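Remember, it's a predicted structure, so these values are computed and weren't measured experimentally. Every heavy atom of this structure was used, including side-chain atoms; hydrogens, water molecules and symmetry mates were not.
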Amino acid sequence: MIKAVKILLIIIAIMVLACLASIWISYNWLTVSDFTVTSTKISEPFRMVLISDLHDHRFGRNNEKLAEKIQEQSPDLIIIDGDMINDDSENADTAVEVVRALKEIAPVYYSYGNHEYAYMEAGHTDLQNELEEAGATVLNYQSIDLEVKGNPIRLGGLYEYGFETGMQSEEENQRALSYLEEYVDTDRYLIMCAHRPDSFYPWNYADTWGIDLVLSGHLHGGQVIIPGIGGLYSQLEEFFPKYDYGQYKLGDSDMIITRGLGSNPKILPRFNNPPEIAVVNVEAE
């Protein structure tokens, strides 16, 4: 009997240690995921790095390990897709130091998430100036036309929804509509940075607008990843969501949702879910 109890305690201890190890890995073991999208609008391949949802976490001093890992990917441009800070952060130092490090690698484009909006609403109105002074181009209801490896690109940023919904005001709906009408008025390859993927996946709305590629985060990969099943929970779809992380087709449009780099400490810890640097290869069809 005593021997059986000891064995049971050992098994429990091993399980607890394994769980703690998985949680630690899910916050600290940087991984790289490669995605490929193709288009007839592309003549020469180029590469982007997509990161989001750092939530004030640090990979080494001043996030130097994160910067080193991104540099290894040799990106042509870097997309930061929001929630790099928390709504209750005292300052934006984490986001600023990441931008400063990454601008030495490739041009950096920053689109807001819900935590940046809440942070600014709490009185930190200088966020955009801080990010721009650090070296980022902030895309908040803004677009920029680029030539990347000879390919004409239009890169945009939009946090709110690309369709009418009761979750935003009529004024916000009109603002999004006006912006999107201007954004899609081009023959360039359209990339939209949309922190919330539900801005464009309902009813394949990205395809309705004619957007070629949507880059999103927000969902933290479902927070807990169950092998063979996927993410456990999404605040957008609740348990076992269809959209949690990875690459999706929305009609003729592509969507990539990164698992992100961290998690708000107020919610369930990440588990079996290592932080992700998403590498997006855009190639000719």
Side-chain angles (χ1 to χ4, degrees), residues 8-35 49-60 63 65-66 69-70 79-89 94-95 98 113-118 159 167 193-202 214-250 255-280:
L8 179 61
L9 291 174
I10 290 171
I11 292 172
I12 292 172
I14 292 173
M15 291 176 64
V16 170
L17 289 173
C19 287
L20 292 174
S22 182
I23 292 172
W24 185 90
I25 289 170
S26 295
Y27 283 90
N28 297 286
W29 194 271
L30 277 170
T31 61
V32 177
S33 299
D34 277 275
F35 303 94
V49 158
L50 166 66
I51 59 172
S52 76
D53 300 281
L54 184 64
H55 289 286
D56 271 337
H57 189 67
R58 282 184 167 90
F59 296 92
N63 266 299
K65 292 182 180 179
L66 174 62
K69 198 74 170 177
I70 289 174
I79 307 297
I80 299 178
D81 213 5
D83 281 9
M84 300 298 279
I85 54 178
N86 291 313
D87 54 1
D88 58 356
S89 295
T94 306
V98 168
N114 48 295
H115 280 265
E116 279 87 1
Y117 270 101
Y159 170 71
M167 295 184 69
C193 305
H195 178 73
R196 295 178 62 122
D198 59 327
S199 294
F200 289 103
Y201 69 59
V214 178
L215 303 176
S216 296
H218 188 60
L219 303 182
H220 302 174
Q223 204 67 23
V224 173
I225 295 179
I226 302 173
I229 296 177
L232 174 65
Y233 183 82
S234 161
Q235 56 186 297
L236 306 179
E237 299 180 80
E238 298 189 349
F239 289 99
F240 307 112
K242 175 183 177 181
Y243 297 92
D244 47 13
Y245 62 93
Q247 186 169 352
Y248 300 88
K249 287 298 292 187
L250 307 174
M255 172 176 276
I256 293 172
I257 307 174
T258 177
R259 299 195 312 267
L261 295 165
S263 180
N264 186 341
K266 298 176 183 177
I267 62 178
L268 181 73
R270 293 170 70 108
F271 186 83
N272 191 35
N273 186 7
E276 178 183 62
I277 295 168
V279 176
V280 184

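Not a single side-chain hydrogen bond (donor to acceptor under 3.5 Å, both in side chains) links Ser216 to another residue, sequence neighbours left out. Residues passing the side chain to side chain contact (heavy atoms under 4.5 Å, CB included) test with Leu30 are Phe59, Leu66, Lys69, Leu261, Pro275, Ile277, sequence neighbours excluded. In terms of the side-chain hydrogen bond (donor to acceptor under 3.5 Å, both in side chains) criterion, Tyr243 has no residue partners (sequence neighbours excluded). Every side-chain hydrogen bond (donor to acceptor under 3.5 Å, both in side chains) that Asn114 has, sequence neighbours left out, goes to His195, His218. Evaluation of the side chain to side chain contact (heavy atoms under 4.5 Å, CB included) rule for Asp244 yields Pro241, Tyr248 as partners, not counting sequence neighbours. Every residue two or more places apart in sequence or in another chain that forms a side-chain hydrogen bond (donor to acceptor under 3.5 Å, both in side chains) with Asp56 is listed here: Ser89, Thr94. Under the side chain to side chain contact (heavy atoms under 4.5 Å, CB included) criterion, Ser52 pairs with Asp81, Thr258, not counting sequence neighbours. In this structure, Tyr245 has no ring pair (Phe, Tyr, Trp, His ring centres under 6.0 Å) partners at least two apart in sequence or on a different chain. Under the rule for a salt bridge (Lys or Arg N to Asp or Glu O under 4.0 Å), Lys242 has no partner lying at least two apart in sequence or in another chain. For Asp34, the side chain to side chain contact (heavy atoms under 4.5 Å, CB included) partners at least two apart in sequence or on another chain are Val32, Arg47, Val279, Asn281.
Within the 4.5 Å cutoff, side-chain heavy atoms of Asn272 are placed close to those of Pro227. Side-chain atoms of Ile257 and Met255, non-hydrogen and from C-beta on, do get closer than 4.5 Å to each other.
Put simply, the side chain of His57 gets close to the backbone of Tyr27: a donor and an acceptor are under 3.5 Å apart. Using a distance-only test at 3.5 Å, with no hydrogens or angles considered, no donor-acceptor pair links the side chain of Gln247 to the main chain of Ile256.
With values rounded to the nearest 0.5 angstrom, Asp83 atom CG is found 10.0 Å from Arg196 atom CZ. For the atom pair Leu50 CG and Ile79 CD1, the distance stands at 7.5 Å (nearest 0.5 Å).
A pairwise comparison of heavy atoms in Met84 and Ala95 identifies CB-CB, 4.0 Å as the closest pair. Across every non-hydrogen atom of Gly260 and Asp53, the tightest pair is CA-CB, 4.1 Å. For the pair Ala278 and Phe35, the tightest heavy-atom approach, listed with the atom from each and the gap, is CB-CE1, 3.8 Å.
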Let me see the working for Arg259 and Ile225 under side-chain contact (heavy atoms from CB on, under 4.5 Å), right down to the final yes or no. CA-CA 10 Å; Arg259 299 195 312 267; Ile225 295 179; 3.6 Å; yes

Quick one, Val224 with Asn273, criterion side-chain contact (heavy atoms from CB on, under 4.5 Å). Give me CA distance, side-chain angles, the key distance, then yes/no. CA-CA 6 Å; Val224 173; Asn273 186 7; over 6 Å; no

Criterion side-chain hydrogen bond (donor to acceptor under 3.5 Å, both in side chains) on His55 and Asn264, from CA distance to verdict: CA-CA 6 Å; His55 289 286; Asn264 186 341; 5.1 Å; no

